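Remarks on the structure that follows.
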Amino acid sequence: MSDDVRVRFAPSPTGRLHIGGARTALFNWAYARRRGGRFVLRVEDTDRQRSTPEFEQAILDGLSWLGIDWDEGPIVGGDRGPYRQSERREAHLATAGKLAEAGWLYRCFCSPERLASLREEQIARKETAAYDGRCRELTAEECDGRVNAGEAPVLRFRVPAGETRFSDLIRGDVAFQNREVDDWVTVRADGSPTYNFVVVCDDAHMAITHVIRGEEHLTNTPKQVLLYRALELEVPEFAHLPLILGQDKKKLSKRTGDTALDDYKDKGFPPEAVLNFLSLQGWALDGETEVFSIDQLASHFDVVDVSKGGSIFDAEKLLWLAGQYLRDEDLDHLVERAGPFLVRAGYLAESELADRAEFVRAAVATVQERSRTYAEVAEQLAYLFVPDDAVEYSEKGEKNARKQGNDALSAYLPWLTDRLAQRASADELRDATKAWVAERGDKMPALFAPLRCALTGAPGGPDLFEVIALLGPERTLARVGAGLERLG
RNA sequence: GGCCCCAUGGAGUAACUGGUCAACUCGUCAGGUUCUCAACCUGGAGACUGGGGGUUCGAAUCCCCCUGGGGUCACCA
């Protein structure tokens with residue numbers, strides 16, 4: 001039934017939330033919303049060495065930052081918990097017991113060393129590396145004897161002959177020969193259950209109807225399908241999402257760029273833009289609309305529309321999208337988001353954000369249309385927060401200035417001093433200045449290039465009269481004075 | 001290497017169940033606008049839909065082969 005769709009996102013808290021994981025979560029979420037189903041969050045923290053509460057928190061925070069909420073899982077609870085895998089150990093072992101009883105599991109005493117050399121040999125012979133079944137037919141007596149002698153066996157799944165096929169919502173029918181699927185370990189020698197085993201236990205327990213995950217799990221699927229059947233459970237629908245690739249066309253990894261969602265948060269990307277971008281990796285709303293909200297995603301998304309091929313992560317397009325969102329933000333909202341970046345850059349103290357609110361607001365307003373991230377907002381305002389005699393002249397800015405010479409600027413200084421004393425408004429000053437330049441028979445850049453360099457050091461930027469308004473008369477004149485010397 | 005998956009301009013995608021010039025967005029190039037940068041506007045280049053065979057009146061869409069790329073082969077998840 002379409003109305004009891006249940007999907008899940010099952011990250012392991014062994015690192016920060018990966019950009020690919022974030023998209024997997026997003027597509028699961030969107031599918032649940034579209035179908036009126038439930039989105040379950042399950043934390044797979046069974047690798048106790050590597051799992052930490054901090055990473056778990058970071059992952060939850062990452063999802064929240066994007067605007068993804070979950071109906072069941074950590075914090076919110078639910079009646080099919082616990083949602084932390086480590087807390088489900090008993091249920092896992094009970095299921096293992098049941099399976100063993102039914103004859104699906106057998107004890108294996110092969111040493112890791114034997115398995116390793118077996119693998120090597122098989123690879124050398126160009127065969128599929130798989131367990132050879134040496135312990136498959138041991139009798140109960142033999143096994144008990146070895147256990148009493150102190151050997152600790154693993155429990156392997158007895159893969160039947162034949163083939164396993166399943167239908168993938170994105171890829172269609174997929175078939176694997178069972179002989180290619182080895183008798184994999186379900187319970188380790190120390191009694192802990194393995195990943196492929198617990199995934200099925202948990203997905204079944206949580207009544208997951210659609211398993212939507214990354215393509216790297218495609219080869220795990222036959223093992224899991226076999227397990228569902230052995231357990232006499234209904235097999236869920238599967239959908240394997242194409243991978244997000246780096247510039248090298250390989251699975252996105254740290255080598256090829258920022259892979260953690262946090263990196264984009266830290267770099268000041270609007271979360272809406274990141275979410276929008278992620279949606280576009282493997283999916284399109286209608287083939288025309290590029291910029292859309294999370295609500296539009298939720299009302300249009302369907303996994304069957306996801307494309308099969310992996311997509312290369314294009315940072316340029318993400319930046320473009322970021323700019324779309326940032327320019328569209330309400331100024332107060334933008335100030336709120338960009339403020340922390342001004343503080344982080346060391347331009348302002350936290351308290352000044354409030355104390356100098358009007359100034360900050362006016363400053364941010366000047367760069368909104370030319371910024372794509374909050375970090376860029378701060379970056380472009382850097383010139384405001386340096387001493388007037390130490391404005392950093394960019395190479396290009398200075399070159400532009402020197403090309404024009406100092407004549408216009410030095411003549412302008414006394415004129416400007418006078419105007420500023422009369423408290424001319426930005427608009428008045430702009431008009432008057434242009435008239436003044438024209439009267440001298442100069443081209444506009446003759447004055448503006450050196451003036452811009454003196455005031456901001458940059459080759460381009462906001463309207464200079466807005467800059468002057470931000471700096472105020474005193475600092476403006478100080479900078480022009482300093483500029484005349486430095487450029488002379 | 002075995003197995004599995006995939007393949008539309010540089011990138012992301014579209015093209016209903018095969019049907020006129022393969023569409024949109026990013027990027028790129030040129031011009032306009034601006035003191036300038038960005039934004040914005042206009043225009044352009046860029047794909048014989050990886051290659052080769054079929055099926056068909058007709059294929060990016062169906063079939064086969066090849067090539068290329070990726071994923072995966074643990075007592076990690």
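Letters A, B, ... mirror the listed sequences (proteins, then strands); counts begin at 1. These numbers come from a predicted model, not from an experiment.
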With rounding to the closest Å, how many angstrom separate the [atom1] atoms on [N] and [M]?
{"N": "U20(B)", "M": "C4(B)", "atom1": "C1'", "value": "40 Å"}
{"N": "G27(B)", "M": "C66(B)", "atom1": "C1'", "value": "33 Å"}
{"N": "U28(B)", "M": "G10(B)", "atom1": "P", "value": "16 Å"}
{"N": "U17(B)", "M": "C21(B)", "atom1": "C1'", "value": "24 Å"}
{"N": "A11(B)", "M": "G58(B)", "atom1": "C1'", "value": "32 Å"}
{"N": "U67(B)", "M": "G51(B)", "atom1": "C1'", "value": "7 Å"}
{"N": "A22(B)", "M": "A30(B)", "atom1": "C1'", "value": "25 Å"}
{"N": "A15(B)", "M": "U56(B)", "atom1": "P", "value": "28 Å"}

Interatomic distance where [atom1] belongs to [X] and [atom2] belongs to [N] [whole Å]:
{"X": "Arg84(A)", "N": "A77(B)", "atom1": "CZ", "atom2": "P", "answer": "18 Å"}
{"X": "Leu321(A)", "N": "A11(B)", "atom1": "CG", "atom2": "C1'", "answer": "13 Å"}
{"X": "Lys251(A)", "N": "C6(B)", "atom1": "NZ", "atom2": "C1'", "answer": "16 Å"}
{"X": "Leu241(A)", "N": "C6(B)", "atom1": "CG", "atom2": "P", "answer": "14 Å"}
{"X": "Trp283(A)", "N": "U13(B)", "atom1": "CH2", "atom2": "C1'", "answer": "11 Å"}
{"X": "Asp431(A)", "N": "C35(B)", "atom1": "CG", "atom2": "C1'", "answer": "13 Å"}
{"X": "Glu113(A)", "N": "A74(B)", "atom1": "CD", "atom2": "C1'", "answer": "14 Å"}

Nucleotide nearest [X] (side chain, heavy atoms from C-beta), chosen from [options]:
{"X": "Ser311(A)", "options": "G12(B), A14(B), G2(B)", "result": "G12(B)"}
{"X": "Glu288(A)", "options": "A23(B), C6(B), C75(B)", "result": "A23(B)"}
{"X": "Lys434(A)", "options": "C4(B), C35(B), G70(B)", "result": "C35(B)"}
{"X": "Val185(A)", "options": "C35(B), C37(B), C75(B)", "result": "C75(B)"}
{"X": "Asp314(A)", "options": "G12(B), C4(B), A11(B)", "result": "A11(B)"}
{"X": "Lys250(A)", "options": "G70(B), G2(B), C5(B)", "result": "G70(B)"}
{"X": "Asp463(A)", "options": "C26(B), C37(B), C35(B)", "result": "C35(B)"}
{"X": "Ile312(A)", "options": "A11(B), A77(B), A39(B)", "result": "A11(B)"}
{"X": "Asn196(A)", "options": "C4(B), C35(B), A77(B)", "result": "A77(B)"}
{"X": "Gln281(A)", "options": "U72(B), C75(B), G12(B)", "result": "G12(B)"}

Taking N and O atoms by type only, does the side chain of Arg171(A) place a donor or acceptor under 3.5 Å from a partner on the base of C5(B)?
-> no
So, does the side chain of Gln122(A) form a donor-acceptor pair with the base of G2(B) at under 3.5 Å?
-> no
If you measure only the distance, is there a donor-acceptor pair under 3.5 Å linking the side chains of Thr221(A) and His240(A)?
->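 Per modelled atom types, Thr221(A) and His240(A) side chains form a pair under 3.5 Å.
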Check: His205(A)/Asp202(A) side-chain N/O donor and acceptor closer than 3.5 Å | no
Select base, sugar-phosphate, or nothing to describe what [X] touches, counting heavy atoms under 4.0 Å on all strands.
{"X": "Asn220(A)", "value": "base"}
{"X": "Ala189(A)", "value": "base"}
{"X": "Ala175(A)", "value": "sugar-phosphate"}
{"X": "Thr46(A)", "value": "sugar-phosphate"}
{"X": "Leu318(A)", "value": "nothing"}
{"X": "Gly309(A)", "value": "sugar-phosphate"}
{"X": "Cys453(A)", "value": "nothing"}
{"X": "Gly282(A)", "value": "sugar-phosphate"}
{"X": "Val291(A)", "value": "nothing"}
{"X": "Glu369(A)", "value": "base"}
{"X": "Leu464(A)", "value": "base"}
{"X": "Arg372(A)", "value": "nothing"}
{"X": "His217(A)", "value": "base"}

Between [Y] and [X], is the closest basic N to carboxylate O distance under 4.0 Å?
{"X": "Arg134(A)", "Y": "Asp132(A)", "result": "no"}
{"X": "Arg419(A)", "Y": "Glu428(A)", "result": "no"}
{"X": "Glu215(A)", "Y": "Arg171(A)", "result": "yes"}

For Pro462(A) and Cys110(A), take the nucleotide of RNA chain B holding the closest heavy atom to each; which residue's nucleotide lies nearer the 5' end?
-> Pro462(A)
Residue whose nearest RNA chain B nucleotide is more 5′ - Arg23(A) or Arg50(A) =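 By nearest-heavy-atom nucleotide position, the 5'-most residue is Arg23(A).
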Heavy-atom closest pair, residues Ser293(A) and Gln296(A) =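 Closest approach of Ser293(A) to Gln296(A): N-OE1, 2.9 Å.
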Closest non-hydrogen atom pair between Val480(A) and Leu416(A), with its separation = CG2-CD2, 4.4 Å
Counting only side-chain N and O atoms of [X], is one of them less than 4.0 Å from OP1 or OP2 of [N]?
{"X": "Lys317(A)", "N": "U13(B)", "answer": "no"}
{"X": "Arg430(A)", "N": "C35(B)", "answer": "no"}
{"X": "Ser307(A)", "N": "U13(B)", "answer": "yes"}
{"X": "Lys308(A)", "N": "C5(B)", "answer": "no"}

Assigned partner base of [N], Watson-Crick or wobble definition, under 3.5 Å:
{"N": "C3(B)", "answer": "G71(B)"}
{"N": "C48(B)", "answer": "none"}
{"N": "A11(B)", "answer": "U25(B)"}
{"N": "G58(B)", "answer": "none"}
{"N": "U42(B)", "answer": "A30(B)"}
{"N": "G18(B)", "answer": "none"}

Counting heavy atoms not belonging to Arg125(A), are there more than 12 under 6.0 Å from its CZ?
->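 Atom CZ in Arg125(A) is packed in, count exceeds 12.
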State, with a plain yes or no, whether a side-chain heavy atom of Phe197(A) is found less than 4.5 Å away from one of Trp184(A).
->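 A side-chain contact exists here, since the closest heavy-atom pair is under 4.5 Å.
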Going by the angle between their ring planes, with limits at 30° and 60°, are Tyr31(A) and Phe301(A) parallel, tilted or perpendicular?
->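 Because their plane-to-plane angle is over 60°, the rings of Tyr31(A) and Phe301(A) count as perpendicular.
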